[in-house]
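Structure, as structure tokens:
Computed from a prediction, not measured in an experiment: that's the story for all the values here.
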Amino acid sequence: QKASASTSSESAGFRPQLIRPHPLIQNTRRPPEALDPYGRPSRNDRQRLDVQASKAMFKPALVVMDRFLKALEAQDLKVEITEDHQSRGTYACDGRDRVKLHIREITRKVEHVPSDKELREKERCSWTKIPKWDDLPTGELDLTPGGRVDVSSDEAINQLVRKAVADVIELIGQARKKREAEEAERRREWEHQQAIAEEKRRVEALYKAAAALREYRIVTGYIDEVRRFGRVPDDQRREGQTLDDWLAWAEAQAQQIHPLGD
């Protein structure tokens with residue numbers, strides 16, 4: 001019983017500490033900087049981790065994230081913060097595959113008690129909305145991936161970090177398989193569309209060749225008629241050109257039309 005009481009007392013008095021914090025942790029804990037003249041945040045403010053916690057739990061959340069980031073980098077996983085609207089957040093990355101990271105303080109909903117100011121505003125403007133619920137911090141943290149955070153001891157935090165890193169590795173593996181499957185499906189679809197386009201090209205070439213053959217037969221039929229009549233119309237003959245010269249010239253022109261060449 002004495003040993004149990006001692007352990008409980010030590011857990012209650014444990015305060016997680018930041019030791020040589022990761023650069024992203026340093027950016028996240030420093031006060032926000034003023035916006036530039038164009039209304040944009042500084043680079044440091046853009047490089048803040050996805051941490052949502054009350055003032056009381058903010059430092060413990062940073063301690064957990066600090067150990068998490070260092071453990072990820074020890075596994076050759078890169079941590080990146082993106083700011084584009086489609087994928088804003090903190091990610092663990094391995095090449096082209098990544099997993100989103102964040103830590104949240106769990107909240108519970110409690111009924112909102114309107115303040116005197118809210119009541120006066122509601123009386124002045126009837127369309128003013130007073131919230132029905134408030135989100136009350138519980139003092140409990142949740143790490144994603146990983147799960148519920150136990151900050152009662154260094155070993156409890158380290159055990160969660162080990163689990164979170166293993167979860168990240170598994171999720172990145174799943175993301176890689178999904179990406180590769182999607183790429184293979186896109187490749188198959190591209191090849192299918194290419195085959196359709198190639199078949200269409202071959203059919204068009206067939207029709208074009210058939211049309212050229214019809215034209216060739218028309219021209220050679222006309223040449224045979226000229227040979228049979230033994231006379232060339234003046235508008236098709238050069239000055240001084242004999243019938244035999246014209247026939248040789250016309251047959252050469254016809255041969256150029258033939259779809260199979262010489």
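With salt bridges taken as basic N to acidic carboxylate O contacts below 4.0 Å, one links R179 and D97. Between E204 and R201 there is no salt bridge, since no side-chain nitrogen of the basic residue lies less than 4.0 Å from a carboxylate oxygen of the acidic one. Using a 4.0 Å cut-off between charged side-chain N and carboxylate O, R188 and E185 make a salt bridge. With respect to R176 and E183, no salt bridge is recorded, no charged nitrogen being found less than 4.0 Å from a carboxylate O. Using a 4.0 Å cut-off between charged side-chain N and carboxylate O, D142 and R104 make no salt bridge.
Of all non-hydrogen atoms in P145 and D167, the two that sit nearest each other are CB-CB, 3.8 Å. Nearest approach of A61 to A53, heavy atoms of both residues: CB-CB, 4.3 Å. A71 and V165 make their closest contact through CB-CG2, 3.6 Å (heavy atoms, listed as atom of the first residue, atom of the second, distance). Between P137 and E105, the closest heavy-atom pair is CB-OE2, 3.2 Å. The shortest heavy-atom contact between R237 and W246 is CA-CD1, 4.3 Å. Counting all heavy atoms, side chain and backbone alike, T90 lies closest to D50 at OG1-N, 3.2 Å.
Between atom CD of residue Q17 and atom CG of residue D154 there is a gap of 9.0 Å, rounded to the nearest 0.5 Å. Going from atom CZ of R120 over to atom OG1 of T128 covers 12.5 Å, rounded to the nearest 0.5 Å. Put simply, CD1 on I157 and CZ on R162 are 11.5 Å apart, with the number rounded to the nearest 0.5 Å. For the atom pair D94 CG and Q75 CD, the distance stands at 10.5 Å (nearest 0.5 Å). Once rounded to the nearest 0.5 Å, the distance linking CG of L72 with SG of C93 reads 10.0 Å. Rounding to the nearest 0.5 angstrom, the gap separating the CZ atom in R148 from the CG atom in L141 is 9.5 Å.
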Before giving the answer on salt bridge (Lys or Arg N to Asp or Glu O under 4.0 Å), spell out for E121 and R124 the whole-Å C-alpha distance, their side-chain angles and the decisive distance to 0.1 Å.
CA-CA 5 Å; E121 186 65 23; R124 189 177 68 85; 2.8 Å; yes
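Scored by the salt bridge (charged side-chain N to carboxylate O under 4.0 Å, His left out) test, K78 finds E80 as partners (sequence neighbours excluded).
No side-chain donor from either of Y216 and Q256 sits under 3.5 Å from a side-chain acceptor of the other. Between the side chains of E189 and Q193, a donor-acceptor pair is found at a separation under 3.5 Å. For D66 and H22, the side-chain atoms include no donor-acceptor pair closer than 3.5 Å.
Within the 3.5 Å criterion, the main-chain N or O of W133 finds no donor-acceptor partner in the side chain of K109. Looking at T28, its side chain does come within 3.5 Å of a backbone N or O of L49 through a donor-acceptor pair. R48 places a side-chain N or O within donor-acceptor distance of the main-chain N or O of N27, the cut-off being under 3.5 Å. Remark: the backbone N or O of I106 is paired with a side-chain donor or acceptor of T138 at under 3.5 angstrom. For the pair D150 (side chain) and S152 (backbone), a donor-acceptor distance under 3.5 Å is present.
Between I218 and Y222, every side-chain heavy-atom pair lies at or beyond the 4.5 Å cut-off. Using a 4.5 Å heavy-atom threshold, the side chains of I223 and R228 count as separate. Counting heavy atoms from C-beta outward, F68 and I103 have side chains that stay 4.5 Å or more apart. Side-chain contact check for L247 versus D244: some heavy-atom pair is nearer than 4.5 Å. Counting heavy atoms from C-beta outward, I172 and L77 have side chains that approach closer than 4.5 Å.
Placement of V219 and L213 within a single hydrophobic cluster is found when ILVMFWY residues are connected by side-chain heavy-atom separations under 4.5 Å, directly or transitively.
Each of L143, V51, L69 was evaluated against V64; a single residue qualifies, L143, per the side-chain contact (heavy atoms from CB on, under 4.5 Å) test. Among the candidates K70, M65, R67, R20, the single residue satisfying the side-chain contact (heavy atoms from CB on, under 4.5 Å) test with I25 is M65.
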